[in-house]
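Quick notes on the structure that follows.
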Amino acid sequence: QVHLVESGGGSVQAGGSRRLSCVASGLPYSMYAMAWVRQAPGKEREFVGAISRSGVTTSYADSVKGRFTISRDNAKTTTYLQMDSMKPEDTAVYYCAAKLIVSATVVPGDELNRYDYWGQGTQVTVSS
């Protein structure tokens, strides 16, 4: 059974930093590209960014570009989201998602219905 378990959420002041982790199990992790998605109260899920299977390619939403960084450790089957210079509008539940993909360097797009597995999410609250 596949599990994606996020951790690292919590409260942070505007301008601060937070690092989220997503540990994957039950799947051949290195065959999956990974993404972070968030959902703010009353809003639809929003693509944050994604990373290729090999980790060499990343993509980000314009709203987080230059502030957030996605990385992965295939040996630990873990994906990270480093969030810096955080803003109150970053407040959301953050989810990780996995997509089986052939290419080791291609990053999946922001079409969320194409992702195969999802975690349960972790809450991040940014106060002003």
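We number each residue from 1, following the sequence as shown. Note that this is a predicted model, so its numbers are computed, not measured.
- Linking Ile, Leu, Val, Met, Phe, Trp and Tyr whenever their side-chain heavy atoms come within less than 4.5 Å puts Met31 and Leu4 in one cluster.
- Taking the side chain as every heavy atom from C-beta outward, Val5 and Gln120 never approach each other to under 4.5 Å.
- Considering CG of Asp116 and NZ of Lys99, their distance stands at 5.5 Å, rounded to 0.5 Å.
- Checking side-chain atoms of Thr79 against main-chain N and O of Met34 turns up no donor-acceptor pair under 3.5 Å.
- No donor-acceptor distance shorter than 3.5 angstrom exists from the side chain of Ser21 to the backbone of Tyr80, with no hydrogens or angles considered.
- In this pair, Trp118 and Tyr95 present their aromatic rings perpendicular. The plane angle is above 60°, beyond the 30 to 60° band.
- In this structure a side-chain-to-backbone donor-acceptor pair under 3.5 Å is present from Asp73 to Lys76.
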Let me check something: any side-chain donor-acceptor pairs from residues 42-50 under 3.5 Å, sequence neighbours excluded? List them with distances.
unit_1 : atom_1 : unit_2 : atom_2 : d
Glu46  : OE1    : Arg38  : NE     : 2.7
Glu46  : OE1    : Arg38  : NH2    : 3.3
Glu46  : OE2    : Ser63  : OG     : 3.3

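- Looking at every heavy atom in both residues, Gly109 comes nearest to Tyr115 through O-OH, 3.0 Å.
- Thr91 contributes a side-chain N or O that, together with a main-chain N or O of Pro88, makes up a donor-acceptor pair within less than 3.5 Å.
- Residues Tyr60 and Thr69 have side chains in contact (heavy-atom distance under 4.5 Å, counting atoms from C-beta outward).
- Within 6.0 Å of CD on Glu89 lie more than 12 heavy atoms contributed by other residues, nucleotides or ligands.
- One distance of note links CG of Leu100 with CG of Leu27; it measures 9.0 Å at 0.5 Å rounding.
- Here the OG1-OH distance, from Thr122 to Tyr94, works out to 10.5 Å after rounding to the nearest 0.5 Å.
- Rounding to the nearest 0.5 Å gives a distance of 14.0 Å between CZ of Phe68 and OG1 of Thr58.
- Sorted by first and then second residue, the pairs that involve residues 1-20 and meet side-chain hydrogen bond (donor to acceptor under 3.5 Å, both in side chains), not counting sequence neighbours, are Ser17-Asp84.
- Rounded to the nearest 0.5 Å, atoms CD (Gln82) and CD1 (Ile70) are 11.5 Å apart.
- A salt bridge is defined here as a Lys NZ or Arg NE, NH1 or NH2 lying under 4.0 Å from an Asp or Glu carboxylate O, and Lys87 with Asp90 fails to meet this definition.
- Nearest heavy atom pair, residue Arg53 against residue Ser103, reads CD-O, 3.5 Å.
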- Before giving the answer on side chain to side chain contact (heavy atoms under 4.5 Å, CB included), spell out for Val124 and Leu20 the whole-Å C-alpha distance, their side-chain angles and the decisive distance to 0.1 Å. CA-CA 9 Å; Val124 174; Leu20 305 182; 3.9 Å; yes
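- In this structure a side-chain-to-backbone donor-acceptor pair under 3.5 Å is present from Ser52 to Thr57.
- Ile51 places none of its side-chain heavy atoms less than 4.5 Å from the side chain of Val107.
- Checking Thr78 against Tyr29 by side-chain atom types alone, no donor-acceptor pair falls below 3.5 Å.
- Minimum heavy-atom separation, Pro108 to Ile101: CG-CD1, 4.3 Å.
- Once rounded to the nearest 0.5 Å, the distance linking OG of Ser71 with CG of Leu81 reads 8.5 Å.
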